[in-house]
Amino acid sequence: MKIAIIGIGAVGAAVATAVAGTGLAREMVLFDRDGLRARAAAEDLGHASAFSYDVKITAVNNYRGIRGSDIVIIAAGANQKPGETRTDLLEKNVAVVSDIIPRVMANTDTKRVKIIVVTNPLDVMVMLTQKLSKLPAGRVIGTGTMLDTARLRTILGRALGVSTRAVHAYVLGEHGDSSVVAWNAASVGGLPLDDFCRQTKNSLTAASRQTIEYRVHNAAYEIIRGRGATWDGIGAAVADLVRCIANDERRILTVSMVEGTGRAALAMSLPRIVGDAGVVASLRPRLSVSESAGLRKSGKIIRANFDAIGK
Ligand code: NAD
């Protein structure tokens, strides 16, 4: 499998490291408008691969170098500075994605390529990428709330004293401040969350749920405050998505993709079945009245931001 990564900043480099670590790529090509940066990353990663999987990693200085890619990962663009929201990046990253996608499409096989979008604000960038690429919606996949869902599962697992892997709970909607924690659909070890809490004598009060939601929503801000940017979590999320596609695993991931057409088109995260064809089906969890209202509101925010870019 050949994988191209466009944008080799903090996120692109972490994605490259994590994807190389899956052992699933035969070849990886790195492109950044800063060629020096891409070459340095390819060199460093190439040395690292001597200790793990044999993957050919090269930097390319034009888009011809991505020809033959099965998956193209878009990680280019401005990131949040401390205090900035993802939506604050809208204008800058519309220009970045509008520059990249036509070049990607001119150099890939439109019948099979899949694009993974990482650039923020994520859902609007998925809509823009799908519109510019004209690919079937299921092959333009945003990492969406994969990372938010991972954060929720980690925090909830710790609070309940169980492995993260035993927790099935989703964050839905925008990969941003309006995302919704789907408490009503959460389960642990196959038991509805409330039943699990009753049987294990855990108490998850409304206040503690609110605190968990706050921590999930604010995780990126906290990491950016302390580290300047976030990269490890998203690197692992993209590698997991690549694994799911490459092995046709058909796991259920909260990724973002466009549904609907014209004025009704909207990208947001829902639990979706992902395999080698991309997203093959989308699921609608049973939500409470307030969660449903929150999800509708989240959709309206994404759509309004997309309308604001005038594309
Ligand atoms: P960064 O500033 O470290 O790197 C961005 C890179 O993009 C730079 O190397 C720059 O040269 C390159 N670039 C910019 N315009 C380009 C173009 N037109 N063509 C090719 N390369 C171009 O930023 P980062 O921390 O790596 O973040 C990248 C993006 O990922 C941001 O939009 C950030 O918000 C997003 N992000 C998303 C998630 C998620 O969960 N989806 C998580 C973290 C970060």
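Remember, predicted model here, so these are calculated numbers, not experimental data. Order of appearance sets the numbers: ligands from 1, and atoms from 1 within every ligand. The analysis underlying the following values was restricted to heavy atoms, covering all of them including side chains, and did not include hydrogens, waters or symmetry mates.
The residue among N79, D88, I234, I5 with a heavy atom at the shortest distance from atom 25 (O) of ligand 1 is N79. The closest heavy-atom contact to atom 32 (O) of ligand 1, among the options S98, P121, A95, A78, comes from A78. Distances from atom 11 (O) of ligand 1 to the heavy atoms of D34, D123, D32 show the closest one on D32. Closest to atom 38 (C) of ligand 1 by heavy atom, among V238, T145, N120, is N120. If you check each of G9, A75, G12 against atom 28 (C) of ligand 1, the one with the closest non-hydrogen atom is A75.
By the 4.5 Å heavy-atom criterion applied to side chains, V94 and F306 are not counted as neighbours. In this structure, L132 and M105 have side chains that are not in contact, with every pair of non-hydrogen atoms separated by 4.5 Å or more. You'll find the side chain of V72 reaches within 4.5 Å of the side chain of V113, heavy atoms only. Residues V104 and T129 fail the side-chain proximity criterion, which asks for heavy atoms closer than 4.5 Å. Side chains of K2 and I66 form no contact here, defined as non-hydrogen atoms less than 4.5 Å apart.
For atom 8 (C) of ligand 1, the nearest protein heavy atom (residue, atom name, distance) is R37 NH1, 3.1 Å. From the protein, the heavy atom lying nearest to atom 3 (O) of ligand 1 is A10 N, 3.0 Å. The protein atom (non-hydrogen) at minimum distance from atom 5 (C) of ligand 1 is G77 O, 3.3 Å. Nearest protein neighbour of atom 16 (C) of ligand 1, counting heavy atoms only, is R33 CD, 3.7 Å. For atom 40 (O) of ligand 1, the nearest non-hydrogen atom of the protein is H175 NE2, 3.1 Å.
At a 3.5 angstrom cut-off on N or O pairs, V11 counts as close to ligand 1.
Within ligand 1, the atoms closer than 4.0 Å to a non-hydrogen atom of T143 are 41 (N), numbered from 1 in the order shown. Against a heavy-atom cut-off of under 4.0 Å, T230 is close to the following atoms of ligand 1: 42 (C), 43 (C). Heavy-atom proximity to D99, at under 4.0 Å, picks out these atoms of ligand 1: 17 (C), 18 (N). With ligand atoms numbered from 1 in the order given, ligand 1 contributes 35 (C), 36 (N), 37 (C), 38 (C), 39 (C), 41 (N) to contacts under 4.0 Å with heavy atoms of V118. Residue L89 has at least one heavy-atom neighbour below 4.0 Å for each of these atoms of ligand 1: 34 (O). Those atoms of ligand 1 with a heavy atom of A76 less than 4.0 angstrom away are 7 (O), 13 (N), 16 (C), 21 (N), 22 (C). The ligand atoms of ligand 1 that sit less than 4.0 angstrom from a heavy atom of N93 are 32 (O).
Salt-bridge annotation for D70 and K114: absent, with no side-chain N of the basic residue lying under 4.0 Å from a carboxylate O of the acidic one. Using a 4.0 Å cut-off between charged side-chain N and carboxylate O, E259 and R272 make a salt bridge. Using a cutoff of 4.0 Å between basic side-chain nitrogens and carboxylate oxygens, R303 and D307 are scored as salt-bridged.
Nearest heavy-atom pair across P271 and P285 is CG-CG, 3.7 Å. For the pair N247 and E249, the tightest heavy-atom approach, listed with the atom from each and the gap, is ND2-OE2, 3.0 Å.
To the nearest 0.5 Å, atom CG of residue L152 and atom CD1 of residue I155 are 7.0 Å apart.
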